[in-house]
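A, B, ... follow the sequence lines: proteins, then strands. Residue 1 opens every chain.
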2 protein chains.
Amino acid sequence: MRLRLKLYQQTILYGLSLAALALLLRWLEFRLLILNHSFEIYAGIIAVIFTLLGIWLALKLSRPKIETKIIERPLIVNSTAFIFNKTFAQQLGLSKREIEVLQLMAKGLSNQEIADQLFVSLNTIKTHSSRLFEKLEVKRRTQAIEMAKKHALIP
Amino acid sequence: MRLRLKLYQQTILYGLSLAALALLLRWLEFRLLILNHSFEIYAGIIAVIFTLLGIWLALKLSRPKIETKIIERPLIVNSTAFIFNKTFAQQLGLSKREIEVLQLMAKGLSNQEIADQLFVSLNTIKTHSSRLFEKLEVKRRTQAIEMAKKHALIP
DNA sequence: ATCTCCTTCATACTTTTGGGTGATTTTGTA
DNA sequence: TACAAAATCACCCAAAAGTATGAAGGAGAT
C-alpha cells in the first residue's frame with residue numbers, strides 16, 4: 001500500500017517534470033531561436049536531463065537486497081528439568097535416529113556399544129554419526145556433545 | 001582498476017548511443033519532416049530513450065543496496081552459576097594439569113589441539129589423559145566428559 | 001638424602017573414530 | 001503408485017585416541 005502510494009507520487013512527479021521541460025523548451029524556442037541553436041543542442045540537453053532523471057528514478061525505486069542475519073539471543077532458563085530443544089533439531093534437520101545416536105554418544109558410549117544398544121551394525125552408526133557431524137558442523141564426537149549440550153539437545 | 005575499465009566502456013557506449021541517436025534524428029528530419037511532426041514528439045522520444053538509458057546505467061553502475069534482516073533465535077542457557085567441585089577432584093587425586101586437560105577435552109578439543117594450547121607434546125597429553133581415565137575409572141574421553149559434567153568438574 | 005608425586009616426553013602397538021563411496025531397503029507423503 | 005527422505009549395511013583408508021612401558025627432571029615432604 002505504501003509502495004503503491006510512493007509509485008503514484010513518483011509518476012506524478014515524472015509527469016510534472018516532463019511538462020515543465022516541454023514548457024521550458026517552448027520558451028527557449030521563442031527566446032533563443034534567433035540565435036540559431038541547432039536541434040542537436042536541444043536534443044543533448046533533453047538527453048542529459050532525462051538520463052539524470054532515469055538514474056535518479058532507478059536509484060529511488062530499486063529494491064534493496066535482503067540479507068538475513070541470525071542472532072542467538074540467550075534465553076535464561078531456571079528450571080532443572082530438561083526440555084528438549086525441538087526447534088533447533090528441526091532447523092538442523094536432524095532425524096530421529098541421529099538424535100538417538102547423539103544422545104547415546106553423549107552418555108559416553110562407543111560406536112560399537114551404540115550399535116549393540118540399537119540392534120544395528122557398527123557401520124550404520126558410523127553413517128549416522130557422520131551425517132550428524134555434518135549437520136552440526138563439527139569434526140569430532142566431543143564437539144558434537146558440546147554443541148548438543150549448548151543447544152539443549154541433551155540434558 | 002576493473003571498475004575504471006568498466007566506467008570507460010560505459011562512457012564509450014554512452015557516447016556511441018548519443019551519436020546514433022543524433023544520426024537517427026537527422027534522418028527522421030529528412031524523411032518525416034513533411035509529416036509535420038512537432039518538436040515535442042522528438043523531445044518525448046529522446047526523453048523516454050534517455051530515461052531508460054539512465055535507469056539502465058544506474059542499475060548497472062550502482063552498488064546493490066543491502067538491507068540486513070535480523071532474525072533472533074533463542075539460545076537456551078541454564079542460569080545456574082558453575083561452581084567447580086574441588087572436593088571431588090581432590091578425592092580422586094586429580095592434578096592441576098589433569099583437570100586442565102579434562103576441561104579442554106570437554107570443550108571438544110583433540111589431543112593435538114590441547115597439546116598446542118598447553119605448549120606441550122602430544123605424548124604428554126596422552127599420558128595425562130590416560131591417568132585421567134584411570135582416576136575417573138572410565139575408558140573413553142566421552143565418558144570422562146559425562147563424569148566431569150555429572151560431578152561439576154566442568155560447566 | 002631419600003622418597004613420592006607431578007610433569008614431561010618417547011616409542012611401539014592396538015583400537016576407535018571418522019571420511020568417502022556406493023548400494024539396498026523401508027517409510028512417509030504427494 | 002511414484003518419488004524423496006530416512007535407515008540400513010559394506011568396504012577401504014586415514015587420522016585420532018588409547019595402552020603399555022620406560023625414562024628423566026623438578027618440587028615438596030619426611
Side-chain angles (χ1 to χ4, degrees), chain A residues 84-151 153-154, chain B residues 84-151 153-154:
Chain A
F84 180 75
N85 190 347
K86 216 174 181 175
T87 321
F88 188 71
Q90 280 180 344
Q91 275 180 353
L92 296 186
L94 301 183
S95 73
K96 274 186 199 173
R97 221 36 169 174
E98 284 161 0
I99 292 171
E100 278 185 293
V101 170
L102 176 58
Q103 286 169 344
L104 293 177
M105 232 176 224
K107 280 189 185 174
L109 301 199
S110 71
N111 284 340
Q112 186 60 62
E113 287 167 343
I114 297 173
D116 293 344
Q117 189 135 347
L118 299 180
F119 302 106
V120 295
S121 89
L122 174 61
N123 287 310
T124 306
I125 300 304
K126 283 190 181 185
T127 325
H128 284 317
S129 53
S130 274
R131 290 186 182 279
L132 201 49
F133 298 156
E134 273 178 38
K135 291 180 183 175
L136 294 176
E137 292 173 33
V138 298
K139 286 183 183 168
R140 280 178 287 283
R141 50 176 53 220
T142 46
Q143 287 182 339
I145 293 172
E146 247 293 273
M147 184 113 242
K149 238 198 304 175
K150 195 168 134 193
H151 290 98
L153 297 179
I154 56 170
Chain B
F84 181 75
N85 190 348
K86 216 171 182 176
T87 323
F88 187 72
Q90 281 179 345
Q91 275 179 354
L92 296 185
L94 300 183
S95 73
K96 273 185 199 172
R97 223 35 171 172
E98 284 160 0
I99 292 171
E100 277 185 295
V101 170
L102 175 58
Q103 288 170 343
L104 292 177
M105 235 177 223
K107 281 190 184 173
L109 301 199
S110 70
N111 283 340
Q112 186 59 64
E113 288 167 342
I114 297 173
D116 293 344
Q117 189 135 349
L118 299 180
F119 302 103
V120 295
S121 88
L122 174 61
N123 287 311
T124 305
I125 300 302
K126 284 190 179 186
T127 318
H128 284 317
S129 55
S130 276
R131 292 241 146 88
L132 202 48
F133 298 155
E134 274 177 40
K135 291 181 183 175
L136 293 175
E137 292 172 36
V138 298
K139 285 180 184 170
R140 280 176 288 283
R141 54 176 50 217
T142 47
Q143 287 182 338
I145 293 171
E146 245 296 81
M147 184 113 247
K149 233 199 309 176
K150 200 165 128 191
H151 291 96
L153 298 178
I154 56 169

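For dA7(D), the OP1/OP2 oxygens have a side-chain nitrogen or oxygen of Ser95(A) closer than 4.0 Å. In terms of phosphate contacts, His128(A) brings a side-chain nitrogen or oxygen within less than 4.0 Å of OP1 or OP2 of dT8(D).
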All N/O pairs under 3.5 Å across the protein-nucleotides 10-20 of chain D interface:
residue : atom : partner   : partner atom : Å
dA17(D) : OP2  : Asn111(B) : N            : 2.9
dG18(D) : OP1  : Arg141(B) : N            : 2.7
dG18(D) : OP2  : Arg141(B) : NE           : 3.0
dG18(D) : OP2  : Arg141(B) : NH2          : 3.4
dG18(D) : N7   : Lys126(B) : NZ           : 3.4
dG18(D) : O6   : Lys126(B) : NZ           : 2.9

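Within the nucleic acid shown, Arg131(B) comes within 4.0 Å of at least one base atom, counting heavy atoms only.
With values rounded to the nearest 0.5 angstrom, Glu146(A) atom CD is found 12.0 Å from Leu136(A) atom CG. Ile154(A) contributes atom CD1, which lies 12.0 Å from atom CD1 of Ile99(A) (distance to the nearest 0.5 angstrom).
If you measure from atom CG of Leu94(B) to atom C1' of dT7(C), you get 15 Å, rounded to the nearest angstrom. Regarding Leu118(A), its CG atom lies at a distance of 15 Å from the C1' atom of dA6(D), rounded to whole Å. In this structure, CZ of Arg97(A) is placed 17 Å from C1' of dG28(C), rounded to the nearest angstrom. The CG atom of Leu102(A) sits 16 Å away from the P atom of dA6(D) (whole-angstrom rounding). Between Glu113(A) atom CD and dT15(C) atom P the separation is 15 Å, expressed in whole Å. Between the P atom of dA7(D) and the CD1 atom of Ile114(A) lies a distance of 15 Å, rounded to the nearest Å. In this structure, CD of Glu98(A) is placed 6 Å from P of dA7(D), rounded to the nearest angstrom. Rounded to whole Å, the distance from CG on Leu132(B) to P on dT8(C) is 14 Å.
Sequence neighbours left out, the pairs with a member in residues 105-119 of chain A that pass salt bridge (Lys or Arg N to Asp or Glu O under 4.0 Å) are Glu113(A)-Arg140(B).
For the residue pair Ser121(B) / Thr124(B), a side-chain donor-acceptor distance below 3.5 Å is found, with atom types taken as modelled.
By the 4.5 Å heavy-atom criterion applied to side chains, Leu118(A) and Arg97(A) are counted as neighbours. Thr142(A) is not listed as a side-chain neighbour of Met105(B), based on a closest heavy-atom distance of 4.5 Å or more.
Glu98(A) and Lys135(A) are joined by a salt bridge, as a carboxylate oxygen and a charged side-chain nitrogen come within less than 4.0 angstrom of each other.
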